[in-house]
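Below is one structure; the comments refer to it alone.
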Amino acid sequence: MDVMKLMMSDYNVETINDGLNEFNVKFHGPKESLYEGGVWKIRVELPDAYPFKSPSIGFVNKIFHPNVDELSGSVCLDVINQSWSPMFDLLNIFEVFLPQLLLYPNPSDPLNGDAASLMMKDRKQYDQKVKEYCERYAKKEDITKSTADNESDDDDDITDEETGSSDDEIAGHVDP
């Protein structure tokens, strides 16, 4: 029901594996913020116990933010991680929680220590780096590219025979 409500609210929702438990949502940075003009693909995974258990939320394309892990895209947000309630729904996440997170970062509870440190020490340089990341990683073409990259990665699997290595070999060589 929540996924359908999200789709009906003009959010671009792309299901994964033809189910409604995993999907990506196109999310635009909030107006009048450093993230304005940025577009991110947000991966959502609903647990079997949803809405009684919170969804898993993560940015697919990169974002520079103290409360978002740069490598995994995981989000540090109390309302999702600790104080989730079945009264909340997916629309709350995309219309309130994520915009608030981007508008009001919390450097004292970071997932990205570099972003938190820079934000506290040199706000001007932090702002510049946020905008730089938006330019490099958060354009519409980056969303479609990240999906294509993920799909092409599956074709790059190389077997041990093709590389000429096996688990039995010792890494490196001993000097005689």
Side-chain angles (χ1 to χ4, degrees), residues 1-116 119 129-130 133-134 136-154:
M1 193 69 176
D2 265 7
V3 179
M4 298 309 275
K5 198 173 4 173
L6 199 60
M7 290 173 159
M8 302 293 270
S9 298
D10 292 332
Y11 281 95
N12 184 334
V13 178
E14 181 184 288
T15 59
I16 300 170
N17 301 328
D18 298 326
L20 292 180
N21 284 0
E22 286 183 70
F23 49 92
N24 293 318
V25 179
K26 189 191 314 183
F27 174 72
H28 294 267
K31 289 186 182 344
E32 298 179 21
S33 77
L34 295 172
Y35 301 94
E36 183 173 14
V39 183
W40 288 270
K41 183 182 284 190
I42 307 294
R43 184 178 175 93
V44 180
E45 293 180 34
L46 300 178
D48 291 337
Y50 180 84
F52 301 102
K53 191 168 187 261
S54 66
S56 174
I57 306 291
F59 284 80
V60 176
N61 44 330
K62 284 187 175 189
I63 184 169
F64 192 73
H65 190 284
N67 309 112
V68 180
D69 184 272
E70 190 173 354
L71 295 175
S72 71
S74 296
V75 175
C76 179
L77 191 58
D78 285 347
V79 75
I80 293 174
N81 298 330
Q82 280 113 28
S83 57
W84 178 261
S85 161
M87 292 179 358
F88 300 138
D89 63 14
L90 295 172
L91 272 178
N92 291 123
I93 291 171
F94 289 96
E95 293 184 352
V96 180
F97 303 152
L98 285 179
Q100 291 291 312
L101 178 75
L102 297 188
L103 285 165
Y104 308 106
N106 179 5
S108 61
D109 185 21
L111 276 178
N112 181 337
D114 292 342
M119 182 182 183
K129 191 152 186 177
V130 167
Y133 267 57
C134 288
R136 289 181 67 184
Y137 305 111
K139 296 292 175 208
K140 285 184 179 144
E141 56 270 16
D142 294 317
I143 288 181
T144 52
K145 188 172 67 179
S146 64
T147 302
D149 289 348
N150 290 345
E151 289 170 3
S152 69
D153 286 349
D154 296 340

Fill in: Sidechain-backbone polar pair: Asn112 side chain, Asp114 backbone, donor-acceptor under 3.5 Å
yes

Response to the item:
For Phe64, the ring pair (Phe, Tyr, Trp, His ring centres under 6.0 Å) test, sequence neighbours excluded, returns Tyr126, Tyr133

Discussion item. Is it the case that atom CD in Gln82 sees more than 12 heavy atoms from other parts of the structure closer than 6.0 Å?
Written reply: yes

Which pairs would a plain distance check flag for residues 94-110, meaning a side-chain donor or acceptor within less than 3.5 Å of a matching protein atom at least two apart in sequence or in another chain?
residue	atom	partner	partner atom	Å
Asn106	OD1	Ser108	N	3.1
Asn106	OD1	Ser108	OG	2.6

Item to complete: Please check if the side chain of Trp40 supplies one atom and the backbone of Tyr137 the other of a donor-acceptor pair under 3.5 Å.
Response: no

Discussion item. Give me the atom names and distance for the closest heavy-atom approach of Val68 to Gly73.
Written reply: CG1-O, 3.7 Å

Practice prompt. Side-chain contact test, heavy atoms from C-beta onward, threshold under 4.5 Å: evaluate it for Ile42 versus Ile57 and give yes or no.
Written response: yes

Worksheet item: Within a strict 4.5 Å, meaning less than it, do heavy atoms of the Val3 and Phe23 side chains meet?
Response: yes

Worksheet item: At what distance, to the nearest 0.5 angstrom, does NZ of Lys62 lie from CG of Asp69?
Response: 11.0 Å

Discussion item. Below 30° counts as parallel, above 60° as perpendicular, anything between as tilted: where do the rings of Phe27 and Phe59 land?
Written reply: perpendicular

Response to the item:
Pro47 and Lys53 have their tightest heavy-atom pair at CG-O, 3.6 Å

Discussion item. Quick one: does any side-chain atom of Asp2 pair with a main-chain N or O of Asp89 as donor and acceptor, under 3.5 Å?
Written reply: no

Discussion item. Going by side chain to side chain contact (heavy atoms under 4.5 Å, CB included), name the residues that satisfy it together with Ser85, two or more places apart in sequence or in a different chain.
Written reply: Met87, Phe88

Worksheet, complete the sentence: On a heavy-atom basis, the closest approach of Val44 and Pro55 is CG1-CB, 4.2 Å

Response to the item:
CD (Glu22) and CD (Glu14) are apart, to the nearest 0.5 Å, by 12.0 Å

Discussion item. Donor-acceptor check, side chain of Asn81 to backbone of Val75, threshold 3.5 angstrom: yes or no?
Written reply: yes

Fill in: 4.5 Å side-chain heavy-atom contact, Leu91 and Lys5
yes

Worksheet item: Heavy atoms, side chains only, cut-off 4.5 Å: are Val60 and Asn24 in contact?
Response: yes

Worksheet item: Does the side chain of Ile16 come within less than 4.5 Å of Arg43's, by heavy atoms?
Response: yes

Worksheet item: Would you find a donor on one side and an acceptor on the other, under 3.5 Å apart, between the side chain of Ser9 and the backbone of Tyr11?
Response: no

Worksheet item: Val130 versus His65: any side-chain heavy-atom pair under 4.5 Å?
Response: no

Worksheet item: With a 4.5 Å limit on heavy-atom distance, are the side chains of Leu90 and Val25 in contact?
Response: no

Fill in: Evaluation steps, side chain to side chain contact (heavy atoms under 4.5 Å, CB included), between Leu111 and Asn67
CA-CA 5 Å; Leu111 276 178; Asn67 309 112; 5.7 Å; no

Discussion item. Is it the case that the side chain of Ser54 and the backbone of Ile80 share a donor-acceptor pair, with hydrogens and angles ignored and the cut-off at 3.5 Å?
Written reply: yes

